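Heads up, the thing below is written out as structure tokens.
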Amino acid sequence: MKIMVVSPKNKTVFNFRGDLIRHMITCGNSVVVTGPNQEYVEDIMALGVSKFIEVPLVKDNTNALGDLKYCSKLRKVMKSEKPDLVFSYTIKPVIYGSIAARLAGVKKIYPMVTGLGRVYTSNSLKTKVIRFITKILYKSAFSGCNKVIFQNNDDIEQFVANKYLPQHKTAKVDGSGVNMTRFACTPLPETPVFLMVGRIIKEKGVLDYCSAARMVKEKHPEARFVLLGGFDTSIGALKREDIQPYIEDGSIEFAGEVKDPVEFYHKASVFVLPSYYREGLPRTILEAMSCGRAIITTDWPGCRDAVEDGENGFLVRPKDAEELAGHMNQLIEDEQLMQNMAGNSHKKCCETYEVGIINNKMRAIIGY
């Protein structure tokens, strides 16, 4: 079978879908990947894919003409390549990749909704308008799909209730899975180190993390707080000057964006993601769990799915830096609790989120 993977960003192909693509190839399929530019093409080809095709995409562009050009280009590529199956992920590849696949006559179309994003977080007039348009586009895209794969039940319930698609067309997997060999479990460091990994945007809770770090440092100056991630150009993006005061007063250590975050997980004691962005099931949480780390995240769609409050971490209210700081202090002051939660995280990851388990579920759904 010839499978085409429609990607929004080249780096995500090997970081988030690499193990799935290898599994597809191991099962006897050939895989073609489309991406928006020529970045990291060597890393993509190293997965064993047969071809990479550049299809330009402005990820956060709301220009209809640009989106139509993207859809048209995908249709032409699919007509030429004649894939048996198209798999896409994130909003624009899901919508336009699915529509293009139907127009190109592809028989098997399986998009994955990896969270609903900012459009389903804000209730401003602009986002309400975008949400209305997005609903029409999603419904059109889903009408030609065999199944639509989701990563949490909240997203399924919202889309079904709002008649984006019928229940029987939905399927759920527990995130993207995590390679537990690559993200190996390691001992906790002697000094408490908190780590946040994510795009530097407001809805990821970056400023809540920074504020909580500043509060905790007053009581526990020995604690360290590392922030890992790249700056963004989308709505809600933060700038360097937004976090610079926290860097200058020593509240956080900003490491920027890195290609491989494994060593940062291994040097951390606790992973923190205070997001109120509509996540699918954050891969960063699963990576931290695989490494054997307690998790502090928000009681929010996607984020809460992997955390049992009080067992392998804590769930906090979104936008509540004080509650976040309180749980950070609790773990610093109770080393045994931190160790127990770390062990529970690793165990839960082994049982539910290991990439082999997820890939087998994906194969059962897609039939590759």
Side-chain angles (χ1 to χ4, degrees), residues 1-14 16-37 41 44-45 47-57 59 67-115 134 137-151 155 159 164-166 168-173 176-177 280 358-359 361-368:
M1 183 185 293
K2 186 175 186 179
I3 300 172
M4 179 173 287
V5 176
V6 183
S7 161
K9 188 177 180 180
N10 292 0
K11 188 177 177 181
T12 67
V13 176
F14 57 90
F16 295 168
R17 310 288 163 228
D19 288 299
L20 175 63
I21 290 171
R22 290 191 193 95
H23 192 250
M24 289 173 170
I25 295 169
T26 299
C27 291
N29 305 287
S30 64
V31 176
V32 175
V33 173
T34 75
N37 50 48
V41 173
I44 293 172
M45 297 304 296
L47 298 172
V49 307
S50 60
K51 186 187 290 187
F52 173 84
I53 303 170
E54 181 179 349
V55 181
L57 162 68
K59 186 168 173 283
D67 289 349
L68 287 173
K69 286 181 178 178
Y70 176 62
C71 185
S72 177
K73 176 66 173 177
L74 283 174
R75 184 187 66 82
K76 289 177 182 177
V77 167
M78 292 173 189
K79 277 278 192 181
S80 174
E81 292 295 321
K82 295 179 172 60
D84 301 293
L85 186 154
V86 168
F87 170 75
S88 56
Y89 58 98
T90 74
I91 182 168
K92 289 196 177 184
V94 163
I95 289 173
Y96 299 113
S98 299
I99 292 172
R102 185 180 71 217
L103 295 175
V106 179
K107 301 300 182 184
K108 297 181 179 181
I109 307 171
Y110 290 89
M112 174 182 274
V113 177
T114 55
T134 302
L137 291 170
Y138 266 132
K139 289 182 73 172
S140 175
F142 293 161
S143 65
C145 297
N146 301 75
K147 288 273 188 182
V148 179
I149 305 164
F150 293 83
Q151 295 188 331
D155 292 353
F159 272 25
Y164 283 49
L165 78 170
H168 72 266
K169 268 200 171 186
T170 68
K172 176 179 172 283
V173 294
S176 304
I358 302 301
N359 285 346
K361 288 183 178 179
M362 289 290 291
R363 189 182 185 192
I365 294 166
I366 294 176
Y368 60 78

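Being a predicted model, the structure only gives us computed values, none of them experimental.
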Test side-chain contact (heavy atoms from CB on, under 4.5 Å) applied to Ile21 and Phe14, step by step: CA-CA 8 Å; Ile21 290 171; Phe14 57 90; over 6 Å; no
Test side-chain contact (heavy atoms from CB on, under 4.5 Å) applied to Tyr110 and Val86, Val148, Ile3, Asn146, the passing residue: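 Looking at Val86, Val148, Ile3, Asn146, the match for Tyr110 under the side-chain contact (heavy atoms from CB on, under 4.5 Å) is Asn146.
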Sole candidate of Met4, Lys2, Met24, Lys51 that passes side-chain contact (heavy atoms from CB on, under 4.5 Å) when paired with Ser30: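 Per the side-chain contact (heavy atoms from CB on, under 4.5 Å) rule, the option paired with Ser30 is Lys2, out of Met4, Lys2, Met24, Lys51.
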List the atom of [X], the atom of [Y], and the distance in Å for their closest heavy-atom pair.
X: Lys172; Y: Gln151; value: CE-O, 4.2 Å
X: Pro8; Y: Pro36; value: O-CG, 3.3 Å
X: Ser140; Y: Ile99; value: OG-CD1, 4.0 Å
X: Ile95; Y: Ala141; value: O-CB, 3.5 Å
X: Ser143; Y: Arg102; value: OG-NH1, 3.0 Å
X: Ile44; Y: Val49; value: O-CG2, 3.6 Å

Arg363 side chain vs Tyr368 backbone, donor-acceptor pair below 3.5 Å: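 Yes, Arg363 side chain to Tyr368 backbone: donor-acceptor pair under 3.5 Å.
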Sidechain-backbone polar pair: Lys92 side chain, Leu57 backbone, donor-acceptor under 3.5 Å: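 No: the side chain of Lys92 does not pair with the backbone of Leu57.
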Counting C-beta onward and ignoring hydrogens, is there a side-chain heavy-atom pair between [X] and [Y] closer than 4.5 Å?
X: Ile53; Y: Glu81; result: yes
X: Ile149; Y: Met362; result: yes
X: Val41; Y: Met45; result: yes
X: Leu74; Y: Thr34; result: yes
X: His23; Y: Cys27; result: yes
X: Val173; Y: Met112; result: yes
X: Asn10; Y: Phe52; result: yes
X: Tyr138; Y: Val94; result: yes

Verdict with supporting geometry, Asn29 and Leu85, side-chain contact (heavy atoms from CB on, under 4.5 Å): CA-CA 10 Å; Asn29 305 287; Leu85 186 154; over 6 Å; no
Interatomic distance, [X] atom [atom1] to [Y] atom [atom2] [nearest 0.5 angstrom]:
X: Phe150; Y: Leu165; atom1: CZ; atom2: CG; value: 5.0 Å
X: Phe87; Y: Ile365; atom1: CZ; atom2: CD1; value: 10.0 Å
X: Asn359; Y: Arg22; atom1: CG; atom2: CZ; value: 10.5 Å
X: Ile109; Y: Ile366; atom1: CD1; atom2: CD1; value: 12.5 Å
X: Met78; Y: Arg75; atom1: CE; atom2: CZ; value: 10.5 Å
X: Lys107; Y: Asp84; atom1: NZ; atom2: CG; value: 11.0 Å

Worked verdict on Ser176 versus Tyr89 for side chain to side chain donor-acceptor pair (under 3.5 Å): CA-CA 11 Å; Ser176 304; Tyr89 58 98; over 6 Å; no
Lys11 atom NZ, neighbour heavy-atom count above 12 within 6.0 Å: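 Yes - once you tally the heavy atoms of other residues, nucleotides and ligands closer than 6.0 Å, there are more than 12.
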Other residues, nucleotides, ligands: >12 heavy atoms within 6.0 Å of Lys73 NZ: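 No, not enclosed.
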Parallel, tilted or perpendicular, as decided by the 30° and 60° cut-offs, for the rings of Phe142 and Phe159: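 Correct class here is tilted.
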Val13/Val5 under side-chain contact (heavy atoms from CB on, under 4.5 Å): CA gap, chis, key distance, verdict: CA-CA 9 Å; Val13 176; Val5 176; 5.6 Å; no
